[in-house]
Amino acid sequence: MRRSSLRTWLLLVSVLFAVLTVGGISLTTYIVVSDGMVSVARERVDQFVGVSQNIVELQVRAVEGELGEDASGSSALSEIAGRLDLIYTGRTSSEPQLAIYDSELELVWASSEEALVEGAVPGREQALHQNEVVRVSREDVNPLRGLLGPAVLPMQIVHLHVGLPAGEVGVMDVTYVPEREEQVIDAIRTPMTVLAVSAMSIMVIMMQASMGWVLKLIDDLRRAAESVDAGQLNVHLPDEAEHEIGDLARALNGLIDRLRRKSEAQTRFIADASHELATPVAGIRGYTNILRAWGADDQEVRNEAIDAIDRESRRMARLCSDLLALVRDERALTFTNVRFDLNARCRQTLAAAATRYMSKGLEFVGPDEGQLIMVGDPDRIEDAVAILVDNAAKYTRAGMVSLKTRRRRDMVMIEVADTGEGIPQQDIQSIFERFYRSDISRSEKTGFGLGLPIARAIIDAAGGSIEVESTVGVGSVFTIKLPRGRV
Ligand SMILES: Nc1ncnc2c1ncn2[C@@H]1O[C@H](COP(=O)(O)OP(=O)(O)OP(=O)(O)O)[C@@H](O)[C@H]1O
Ligand SMILES: [Mg+2]
């Protein structure tokens, strides 16, 4: 997804989120308020019902007292109607209205036109015949109408049984259109809308601001990645922040650092390798010229030149094979896993070195006769051990080269010690770098500084480690630790 479309998408999500949240809260509030208002309306009707019932009963008694034996029929009813007229005149339509019907459900009296509810006959009959209080709430209005326009609450109707003069019965209707309650809802609608719209806008603005901030950080990361892609490895992302994007920036900085170090090491490696190859090539060319100029006449010069060319070409061949070994070990291409006796291999390595360095008169001490079985690649491990033994012999003028092996839990240790010139403390960190040779050993002309990097690459690939301890003038101890494998 492109950045701009991500922004649009986030805007849409934040607007939707704000509308849903604020809309949901407003709707719930409205429903709670309108429900509350309906209850208020019902209570109001109930109070009015109680009072009106008493008033009607009092008037009936009074008419019965006044008319005595004649307190029946239409004259008594019109007397009651007259009395109620006096009591209820002047009621506004925002107050409950009253209507009284006789036993035939004929209207006796109504406080106003609004008290005459159509279609309420079943309720009246139920109240009349079963002597029940029948409450009806006219639910034919949409309860959510008040959200968008003037509120409309259901009309409240109560039918109840009343006694009329001379033992007659009738029905009283109490009708209430909850206008006051509707006004309350109308009054809160505007502030609620303003509040909802403000809350939504604030929410969207805050979400956009925080998204913008996050996107800006991501944008920085993207630009850094593009620079790295373009080969610029000196970028450093701001990584001081303690949040997740700070963590990401720190991880990327680490990655860029590693890439830079690798690229620098590669450049150095190519330069060093070319330099090392150029030296024997220059030697060969020099001696070829000598051969061409004097080789035909001078036997001695010819032999010397041929020897030198042979020496230099061997040196070149060895360098090439070392470089190849290094590249191969880095890729860890051919690593077999077989069961073998490490001690036997070590003894072979030591014997080969003893033959090579016989002229130096060193003492070579190998591991005891017993076996040390492990699982790994015997040839590669032997290569690594041979490099250490070769160094020990090469950098020791007199004394001893010893090779010990031992087992510790699921690891094996191979220790190559010598009584040689030792390695200065400041060089110990660097001797595993390619082409590095310490100043002391530069007098020893045969090396390239590739042995230890090759040994480390082999041991790393086998899941082990190499450590070194050395004292100048006393000697060095190189220790290889390897997993013993499942024997
Ligand atoms: N046993 C040792 N005693 C003293 N110095 C050592 C010993 N082993 C390694 N070094 C130092 O570490 C350097 C690097 O060793 P490494 O085996 O990588 O290269 P090299 O022996 O110089 O050349 P190459 O092994 O490529 O022929 C050596 O030049 C030497 O200075
Ligand atoms: Mg070496």
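The analysis underlying the following values was restricted to heavy atoms, covering all of them including side chains, and did not include hydrogens, waters or symmetry mates. Positions are given from 1 along the sequence.
Taking all atoms of both residues into account, the shortest heavy-atom contact from Pro154 to Ser137 is CB-OG, 3.7 Å. Residues Pro367 and Thr405 approach most closely at CB-OG1, 3.9 Å, considering heavy atoms. Closest heavy-atom contact between Val235 and Ala224: CG2-O, 4.3 Å. Closest non-hydrogen pair, Gly149 versus Arg189, comes out as O-NH1, 2.6 Å. When all heavy atoms of Val416 and Ala392 are compared, the pair lying nearest together is CG1-CB, 4.0 Å. Between Gln425 and Ser470 the shortest heavy-atom distance is OE1-O, 4.1 Å.
Rounding to the nearest 0.5 angstrom, the gap separating the CG atom in Leu153 from the CD atom in Gln183 is 11.0 Å. Ile431 contributes atom CD1, which lies 12.0 Å from atom CZ of Arg437 (distance to the nearest 0.5 angstrom). The distance from the CZ atom of Arg7 to the CG atom of Leu12 is 14.0 Å, given to the nearest 0.5 Å. Rounding to the nearest 0.5 angstrom, the gap separating the CD atom in Gln232 from the CD1 atom in Ile256 is 10.5 Å. A distance of 8.0 Å separates CG in Asp229 from CD in Glu226, rounded to the nearest 0.5 Å. Between the CG atom in Asp383 and the CD1 atom in Ile458 there is a gap of 5.0 Å [rounded to 0.5 Å].
Under the side-chain hydrogen bond (donor to acceptor under 3.5 Å, both in side chains) criterion, Arg258 pairs with no residue at all, not counting sequence neighbours. Every ring-ring contact (aromatic ring centres under 6.0 Å, His included) that Tyr88 has, sequence neighbours left out, goes to Trp109. For Asp418, there are no salt bridge (charged side-chain N to carboxylate O under 4.0 Å, His left out) partners, not counting sequence neighbours. With sequence neighbours left out, Glu182 forms a side-chain hydrogen bond (donor to acceptor under 3.5 Å, both in side chains) with no residue at all. Partners of Glu114 under the salt bridge (charged side-chain N to carboxylate O under 4.0 Å, His left out) rule, at least two apart in sequence or in another chain, do not exist in this structure. For Ser26, there are no side-chain hydrogen bond (donor to acceptor under 3.5 Å, both in side chains) partners at least two apart in sequence or on another chain. In this view, Arg135 and Asp46 satisfy the side-chain hydrogen bond (donor to acceptor under 3.5 Å, both in side chains) rule, not counting sequence neighbours. In terms of the salt bridge (charged side-chain N to carboxylate O under 4.0 Å, His left out) criterion, residue partners of Arg260 (sequence neighbours excluded) are, by chain and number, Asp257.
For Met411, the CE atom is densely surrounded, since the number of other residues' heavy atoms within 6.0 Å is greater than 12. Heavy-atom contacts from other residues, nucleotides or ligands closer than 6.0 Å to CZ of Arg285 number 12 or fewer. Around atom CZ of Arg314, no more than 12 heavy atoms belonging to other residues, nucleotides or ligands sit under 6.0 Å away. Counted within 6.0 Å of CD on Gln348, heavy atoms from surrounding residues, nucleotides or ligands total more than 12; the atom is thus considered enclosed. Few gaps surround CD on Gln130; more than 12 heavy atoms of other groups in view lie less than 6.0 Å from it.
Under the 4.5 Å side-chain criterion, counting only non-hydrogen atoms from C-beta, Leu105 is in contact with Val121. The shortest side-chain heavy-atom distance between Val38 and Glu181 does not fall under the 4.5 Å cut-off. A 4.5 Å side-chain heavy-atom check between Val158 and Val134 finds every atom pair outside the cut-off. Arg406 has its side chain out of reach of Lys404: every pair of non-hydrogen atoms, C-beta onward, lies at least 4.5 Å apart. Contact annotation: the side chain of Val385 never approaches that of Glu382 to less than 4.5 Å [non-hydrogen atoms, C-beta and beyond]. Using a 4.5 Å heavy-atom cutoff, the side chains of Asp379 and Arg345 are in contact. Looking at Phe432 and Ile466, their side chains come closer than 4.5 Å, going by heavy atoms from C-beta outward. Using a 4.5 Å heavy-atom cutoff, the side chains of Thr29 and Ile188 are not in contact.
Within the structure, no pair that satisfies the ring-ring contact (aromatic ring centres under 6.0 Å, His included) test touches residues 408-428, not counting sequence neighbours. For residues 178-214, the pairs satisfying ring-ring contact (aromatic ring centres under 6.0 Å, His included) are Trp213-His243, with sequence neighbours left out. The list of ring-ring contact (aromatic ring centres under 6.0 Å, His included) pairs with a residue in residues 20-56, not counting sequence neighbours, is empty.
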Could you walk me through whether Phe478 and Leu452 pass side chain to side chain contact (heavy atoms under 4.5 Å, CB included), step by step?
CA-CA 10 Å; Phe478 283 78; Leu452 289 181; 4.0 Å; yes

Derivation of the side chain to side chain contact (heavy atoms under 4.5 Å, CB included) call for Met155 and Tyr176:
CA-CA 6 Å; Met155 182 195 237; Tyr176 180 51; over 6 Å; no

Start with the C-alpha gap between Leu11 and Val204, add the side-chain angles, then the distance that decides, and say whether side chain to side chain contact (heavy atoms under 4.5 Å, CB included) holds.
CA-CA 8 Å; Leu11 177 67; Val204 171; 4.2 Å; yes

After noting the C-alpha distance and the side-chain angles of Leu255 and Leu252, does the key distance pass the side chain to side chain contact (heavy atoms under 4.5 Å, CB included) rule?
CA-CA 5 Å; Leu255 177 74; Leu252 283 177; 4.2 Å; yes

Determine whether Ser111 and Gln97 satisfy the following criterion, side chain to side chain donor-acceptor pair (under 3.5 Å), listing intermediate values before the conclusion.
CA-CA 6 Å; Ser111 61; Gln97 301 297 326; 2.7 Å; yes

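Judged purely by atom type and a 3.5 angstrom limit, Asp341 uses its side chain to pair as donor or acceptor with the backbone of Leu372. In terms of modelled atom types and a separation under 3.5 Å, the side chain of Thr396 and the main chain of Ala393 share no donor-acceptor contact. Formation of a donor-acceptor pair under 3.5 Å by the Asn253 side chain with backbone atoms of His236 is not found in this model. At least one donor-acceptor pair under 3.5 Å links the side chain of Arg250 to the backbone N or O of Ala241. Under a 3.5 Å cut-off, the side chain of Asp239 and the backbone N or O of Ala249 do not form any donor-acceptor pair. When atom types are taken as modelled, the side chain of His159 and the backbone of Asp173 share no donor-acceptor pair closer than 3.5 angstrom. Within the 3.5 Å criterion, the main-chain N or O of Gln156 finds no donor-acceptor partner in the side chain of Arg42. When atom types are taken as modelled, the side chain of Ser52 and the backbone of Val49 share no donor-acceptor pair closer than 3.5 angstrom.
For the residue pair Gln429 and Tyr436, no side-chain donor N or O sits within less than 3.5 Å of a side-chain acceptor on the partner.
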Can you give the donor-acceptor pairs under 3.5 Å from side chains of residues 479-487 to other protein atoms, not counting sequence neighbours?
{"from": "Arg484", "atom 1": "NE", "to": "Ile373", "atom 2": "O", "distance (Å)": "2.9"}
{"from": "Arg484", "atom 1": "NH2", "to": "Ile373", "atom 2": "O", "distance (Å)": "3.2"}

